[in-house]
K.L.:
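Sharing a structure, written as structure tokens. Questions coming.
Everything numeric here is computed off the predicted structure, so don't read it as measured data.
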Amino acid sequence: MHNPSKLFTAALLLSLMFAPLSHALDLLNGSDEPVRIKAGRWERDGQKGIDTYIGNVVITQGKSSIEADKVILYTDDNGISRFQATGKPAHLVQFDQEKQTETHAYAESMDYDRSQSKVVMRNHARILQDNSSVEGEEIIYFTDKRLVTAKGASSGNQTEQVEIIYHPPKSNKQ
């Protein structure tokens, strides 16, 4: 039997853990700090608004960053509309200025689509914040609804489980 109090606490911690991800996508939009991009190669299709960075790609803005083998940025009149990052794994670091914490996200494939307010992380997806983590084959996060789903990999009739580790806040027992 599940303890509703513990399930609520887990759900609350997960929603708080994922909250900074919506800001992570501001890495290229919402800050006044300069964006620095390093890559082995850069290709730009100005008509389609597509920039492709290949080879040890490092994009930084302040204390936040994306490291990947390849990053494709799609832009429109409102800025970055979508980005895809791939690597072994791609690594996103979001520094939360207000909380002075970092959230680390890892996956072989990360895909953000602004129009759907959705982040899809596939293949060994993992998110770490403080001592808490979520790990699975796929993690999908709807930034506007703060809705998170995670699932394990399937192989034949077997499905791996998602692993969620959270540390509840310490109580002040006297």
K.L.:
How many angstroms lie between CG in N123 and OG in S109, if you round to the nearest 0.5 Å?
P.N.:
6.5 Å

K.L.:
Please identify each residue that fulfils side-chain contact (heavy atoms from CB on, under 4.5 Å) with A85, with sequence neighbours left out.
P.N.:
I66, A68, V71, F83, A90, M110

K.L.:
Under the rule for salt bridge (charged side-chain N to carboxylate O under 4.0 Å, His left out), what residues qualify as partners of R82, not counting sequence neighbours?
P.N.:
D111

K.L.:
Can you tell me how far OG of S65 sits from CG of L92, rounded to the nearest 0.5 angstrom?
P.N.:
7.0 Å

K.L.:
Test of understanding: with ring-ring contact (aromatic ring centres under 6.0 Å, His included), list the residues that count as partners of H124, not counting sequence neighbours.
P.N.:
none

K.L.:
Would you please say whether a donor-acceptor pair under 3.5 Å links the side chains of D130 and S132?
P.N.:
no

K.L.:
To which residues is I50 joined in a hydrophobic cluster, defined by side-chain heavy-atom contacts under 4.5 Å among Ile, Leu, Val, Met, Phe, Trp and Tyr, whether direct or through other members?
P.N.:
I72, Y74

K.L.:
What pairs with S155 under side-chain hydrogen bond (donor to acceptor under 3.5 Å, both in side chains), at least two apart in sequence or on another chain?
P.N.:
none

K.L.:
Please check if the side chain of T75 supplies one atom and the backbone of G49 the other of a donor-acceptor pair under 3.5 Å.
P.N.:
yes

K.L.:
Using the test side-chain hydrogen bond (donor to acceptor under 3.5 Å, both in side chains), find all partners of D69 that sit at least two apart in sequence or belong to another chain.
P.N.:
none

K.L.:
Does L147 sit in a hydrophobic cluster with other residues, and if so which ones, taking ILVMFWY side chains as linked at heavy-atom separations under 4.5 Å, directly or through other members?
P.N.:
V120, I140, F142

K.L.:
By side-chain hydrogen bond (donor to acceptor under 3.5 Å, both in side chains), which residues pair with R122, not counting sequence neighbours?
P.N.:
E138

K.L.:
Tell me every residue that passes side-chain hydrogen bond (donor to acceptor under 3.5 Å, both in side chains) with Q161, counting only those two or more places apart in sequence or in another chain.
P.N.:
none

K.L.:
Got a sec, which residues hit salt bridge (charged side-chain N to carboxylate O under 4.0 Å, His left out) with D76, two or more places apart in sequence or on another chain?
P.N.:
R114

K.L.:
Would you tabulate the side-chain donor-acceptor contacts of residues 35-46 under 3.5 Å, counting partners in other chains and residues two or more places apart, or write 'none'?
P.N.:
unit_1 : atom_1 : unit_2 : atom_2 : d
R41    : NE     : E43    : OE2    : 3.0
R41    : NH2    : E43    : OE2    : 2.8
W42    : NE1    : D51    : OD1    : 3.0
R44    : NH1    : D51    : OD1    : 3.1
R44    : NH1    : D51    : OD2    : 2.6
D45    : OD1    : Q47    : N      : 3.2
D45    : OD1    : K48    : N      : 3.1

K.L.:
Taking only residues two or more places apart in sequence, or in another chain, which ones meet N56 in a side-chain contact (heavy atoms from CB on, under 4.5 Å)?
P.N.:
none

